Amino acid sequence: LYTTSVEGGLSNNKLSANFSTNDQDGKERYAFAITGDQANSLYQVQLKDKLTLNYDNWLFTRNTSILFSKTGFNVNQLVISKGVEQIAVNSVGRELNAPIDIKFDQFSLGNIRSLYNGGSLPVDGRLNANVRVTNIDKNVPTFDGTLSVDSLQYQNVALGKLAVKATATGAEAVTLQGSLSGNGNNIDVNGTYNQETINAQLNLNPIQLKSLDPFLQTYLAQSSGTLTGPITITGNVKRPEWHGTLRFDSVKTYLAQYGT
């Protein structure tokens with residue numbers, strides 16, 4: 001287990017705080033520091049001094065500011081980087097809940113996989129993304145852009161390459177195209193969603209059953225074989241209905257609870 005510490009103070013509406021997480025050997029693995037101030041119901045914070053992710057020091061822009069209140073937030077020119085890896089977040093405009101541009105370049109998900117007690121986010125891969133998020137204050141935000149993860153892994157199970165494209169089509173609607181390919185998996189999804197409904201088609205062409213083991217580890221283990229078939233996803237965007245017919249081919253698995 002990791003040890004997390006927070007030090008700081010608040011005086012005359014001015015905030016200063018330091019956060020750090022040490023590994024089991026007492027070595028600092030994650031750390032950042034902030035300063036901030038308050039004006040009426042609006043808060044403003046900035047990074048200061050240092051930023052450490054997974055033992056490495058990261059550079060960050062000094063003119064960054066994050067505004068937030070009970071009704072929303074705004075990010076101004078947040079850029080952090082280490083070598084070829086970079087994350088950039090910037091609101092388009094200064095009002096709260098303005099559209100926000102998010103860009104990831106060659107970001108290793110391994111940087112954050114051990115952020116929570118060394119194992120509760122067991123994901124890895126190389127993330128690239130260029131996305132604009134709008135309708136941030138709505139129940140279902142609107143996304144427009146592309147995202148990919150090369151060599152995606154979950155709990156040390158190789159899943160393949162994930163690619164997603166989202167296109168805002170007006171009226172708070174989004175068209176989605178996505179795929180997961182490699183390591184015996186060939187999955188694609190196409191559809192649309194808005195604030196109320198979703199209508200999508202998920203095709204397993206196929207998926208390796210072992211790829212589902214880490215997601216169903218309470219129930220299944222040491223699985224093999226494939227699943228093939230189309231699945232439709234329709235209805236309320238918060239409570240979608242899934243319908244389809246699956247074909248099981250050469251499937252073998254164990255009930256994790258009983259080992260049989």
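Since the model is a prediction, treat every value here as computed from it, not as a measurement. Start at 1 with the first residue, then count along the sequence.
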Return the set of residues passing salt bridge (Lys or Arg N to Asp or Glu O under 4.0 Å) with [X] (not counting sequence neighbours), or none when no residue passes.
X: Arg132; answer: Asp101
X: Lys50; answer: Glu28
X: Asp49; answer: none

Do [X] and [Y] have a side chain donor and acceptor closer than 3.5 Å?
X: Thr175; Y: Thr192; result: no
X: Asn199; Y: Thr234; result: no
X: Thr64; Y: Gln77; result: no
X: Thr4; Y: Thr21; result: yes

Between [X] (side chain only) and [Y] (backbone N and O only), is there a donor and an acceptor less than 3.5 Å apart?
X: Asn128; Y: Ser148; value: no
X: Asp124; Y: Gly110; value: yes
X: Asp144; Y: Ala168; value: yes
X: Asn12; Y: Lys14; value: no
X: Asn190; Y: Gln201; value: no
X: Asp25; Y: Lys27; value: no

Of Gln44, Arg94, Glu95, which meets side chain to side chain contact (heavy atoms under 4.5 Å, CB included) against Asn74?
-> Arg94

Knowing that exactly one of Leu67, Asn90, Ile100 qualifies, which makes a side chain to side chain contact (heavy atoms under 4.5 Å, CB included) with Val75?
-> Ile100

Which atom pair, heavy atoms only, marks the closest approach of [X] to [Y]?
X: Thr142; Y: Ala173; result: CG2-O, 4.3 Å
X: Ser211; Y: Ala158; result: OG-O, 4.5 Å
X: Leu42; Y: Ser69; result: CD1-CB, 4.2 Å
X: Phe19; Y: Ala17; result: CE1-CB, 3.8 Å
X: Tyr154; Y: Pro214; result: CD2-CB, 3.3 Å
X: Pro240; Y: Ile233; result: CB-CG2, 3.8 Å

Do the side chains of [Y] and [X] get nearer than 4.5 Å, heavy atoms only?
X: Leu51; Y: Ile80; answer: yes
X: Gln106; Y: Leu127; answer: no
X: Val133; Y: Ile102; answer: yes
X: Phe60; Y: Val79; answer: no
X: Ser151; Y: Arg126; answer: no
X: Val174; Y: Thr169; answer: no
X: Val131; Y: Phe104; answer: no
X: Leu180; Y: Asn186; answer: no

Stepwise, does the side chain to side chain donor-acceptor pair (under 3.5 Å) test hold for Tyr55 with Asp23?
-> CA-CA 10 Å; Tyr55 301 113; Asp23 64 17; 2.6 Å; yes

Please determine whether the number of non-hydrogen atoms from other residues, nucleotides or ligands lying under 6.0 Å from atom [atom1] of [X] exceeds 12.
X: Tyr219; atom1: OH; value: no
X: Glu196; atom1: CD; value: no
X: Asn40; atom1: CG; value: no

Do Gln217 and Gln155 pass the side chain to side chain contact (heavy atoms under 4.5 Å, CB included) test, and can you show the C-alpha distance, the side-chain angles, and the key distance before you say yes or no?
-> CA-CA 10 Å; Gln217 57 183 316; Gln155 292 206 359; 2.9 Å; yes

Would a hydrophobic clustering, with Ile, Leu, Val, Met, Phe, Trp and Tyr connected at side-chain separations under 4.5 Å, put Leu152 with Leu176?
-> yes

hydrophobic_cluster_shared for Val123 and Leu216, side chain cutoff 4.5 Å | yes

Stepwise side chain to side chain contact (heavy atoms under 4.5 Å, CB included) test for Phe73 and Asn97 = CA-CA 6 Å; Phe73 69 96; Asn97 298 323; 4.2 Å; yes

Given Phe248 and Leu246, is the side chain to side chain contact (heavy atoms under 4.5 Å, CB included) satisfied, shown in steps?
-> CA-CA 6 Å; Phe248 293 75; Leu246 297 179; 4.2 Å; yes

Test side chain to side chain contact (heavy atoms under 4.5 Å, CB included) applied to Asp37 and Asn13, step by step = CA-CA 5 Å; Asp37 55 72; Asn13 292 326; 5.6 Å; no

Taking it one step at a time, do Gln208 and Thr226 satisfy side chain to side chain donor-acceptor pair (under 3.5 Å)?
-> CA-CA 5 Å; Gln208 299 291 320; Thr226 61; 5.7 Å; no

Quick test of your reading: applying salt bridge (Lys or Arg N to Asp or Glu O under 4.0 Å), list the pairs with at least one residue in [range], sequence neighbours left out, ordered by first then second residue.
range: residues 162-189; value: Lys138-Glu172
range: residues 205-214; value: none
range: residues 73-84; value: Asp56-Lys82, Lys82-Glu85

Could you give the distance from OG (Ser250) to CG (Leu209), rounded to the nearest 0.5 Å?
-> 11.5 Å

Could you walk me through whether Arg29 and Asn22 pass the side chain to side chain donor-acceptor pair (under 3.5 Å) check?
-> CA-CA 5 Å; Arg29 189 162 191 175; Asn22 295 343; over 6 Å; no

